[in-house]
Amino acid sequence: MPVRRAVCPGSFDPITNGHLDIIDRASRLYDVVHVAVMINKSKQGLFSVDERIDLIRQVTEGFGNVQVEAFHGLLVDFCKERDIPAIVKGLRAVSDFDYELQMAQMNNGLSGVETLFVPTNPTYSFLSSSLVKEVATWGGDVSHLVPDAVNRALAERLTKP
Ligand code: PNS
């Protein structure tokens with residue numbers, strides 16, 4: 001039987017409970033889930049790509065079938081190189097849909113890769129890495145929005161001079 005693979009792509013700066021929920025659900029549907037962390041040289045993140053990968057590995061270790069890697073360039077090339085036929089994305093609200101649909105259609109047109117949309121758990125429908133960083137920067141409590149390891153990493157990064 002061929003191994004059924006999917007990819008969950010993103011910036012993950014840092015991973016939130018919303019991302020983790022989608023990865024968890026994808027890991028129940030597929031044999032192997034690749035988490036692809038995009039390298040964006042034109043955008044300085046709060047965490048380096050290696051730090052993001054390290055955090056994602058820590059919090060997905062328990063799933064047992066998740067592989068975390070960096071990528072740059074086109075997502076469809078990442079998929080082609082690893083024989084991945086499906087992209088799994090969370091949809092938080094209708095506002096996500098327009099751009100996500102464009103990307104899904106472009107990716108399908110480029111290489112035939114399919115995109116599967118998973119409705120985000122309503123608990124996380126307002127959640128984004130940017131908002132988490134903003135709230136944490138001003139001392140707000142984000143402990144219910146991110147895994148513990150991320151909460152600690154945020155506290156350490158944002159309190160250092
Ligand atoms: O977490 P993000 O920043 O919303 O993730 C966006 C991401 C990485 C999924 C998207 O920008 C992407 O797929 N980038 C890779 C480059 C690419 O393939 N672009 C064409 C998309 S149609």
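First listed ligand is number 1; within each ligand, the first listed atom is number 1. In this chain, residues are counted from 1 in sequence order.
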Undergrad: Whether the Ser48 and Asp50 side chains hold a donor-acceptor pair (N or O, under 3.5 Å, no angle test) is what I'd like checked.
TA: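 No.
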
Undergrad: Return the option from Leu110, Ile39, Leu75, Leu74 holding the heavy atom at the smallest distance from atom 20 (C) of ligand 1.
TA: Leu74

Undergrad: What verdict does the salt bridge (Lys or Arg N to Asp or Glu O under 4.0 Å) test give for Lys43 and Asp13, after you've listed the backbone C-alpha separation in whole Å, the side-chain angles of each residue and the deciding distance to 0.1 Å?
TA: CA-CA 11 Å; Lys43 200 169 156 195; Asp13 185 36; over 6 Å; no

Undergrad: Which heavy atom of Gly90 sits nearest to which heavy atom of Asp96, and what is that distance?
TA: O-OD2, 4.5 Å

Undergrad: Starting from atom 5 (O) of ligand 1, what is the nearest protein heavy atom, named by residue and atom, and what distance separates them?
TA: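 The closest heavy atom on the protein side is Gly10 CA, 3.5 Å.
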
Undergrad: For a 4.5 angstrom cut-off between non-hydrogen side-chain atoms, does Ser129 reach Pro14?
TA: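 They are in side-chain contact.
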
Undergrad: Which ligand 1 atoms are under 4.0 Å away from a heavy-atom of Phe71?
TA: 15 (C)

Undergrad: Return the residue, atom name and 0.1 Å-rounded distance of the protein heavy atom closest to atom 10 (C) of ligand 1.
TA: Met103 SD, 4.1 Å

Undergrad: Considering non-hydrogen atoms of the protein only, which is the closest contact for atom 14 (N) of ligand 1, and what is the distance?
TA: Met38 SD, 3.5 Å

Undergrad: For ligand 1, which atoms sit closer than 4.0 Å to a heavy atom of Ser11?
TA: 1 (O), 2 (P), 3 (O), 5 (O)

Undergrad: For atom 21 (C) of ligand 1, what is the closest protein heavy atom, and at what distance to 0.1 Å?
TA: Asn107 OD1, 3.9 Å

Undergrad: So does Val68 get a backbone contact from the side chain of Arg57, meaning a donor-acceptor N/O pair under 3.5 Å?
TA: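 Confirmed, Arg57 side chain pairs with Val68 backbone.
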
Undergrad: Between Arg82 and His34, does any side-chain donor sit less than 3.5 Å from a side-chain acceptor?
TA: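 Their side chains do not contain a donor-acceptor pair, so the 3.5 Å distance test is not met.
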
Undergrad: Does the protein put a heavy atom less than 4.0 Å from atom 8 (C) of ligand 1?
TA: yes

Undergrad: Enumerate the atoms of ligand 1 whose separation from the nearest heavy atom of Met106 is less than 4.0 angstrom.
TA: 22 (S)

Undergrad: Report yes if the side chains of Ile56 and Phe12 come closer than 4.5 Å at any heavy-atom pair, otherwise no.
TA: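 Yes; the side chains approach each other to less than 4.5 Å.
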
Undergrad: Below 4.0 angstrom from a heavy atom of Gly73, which ligand 1 atoms are there? Numbered from 1 as shown, please.
TA: 15 (C), 16 (C)

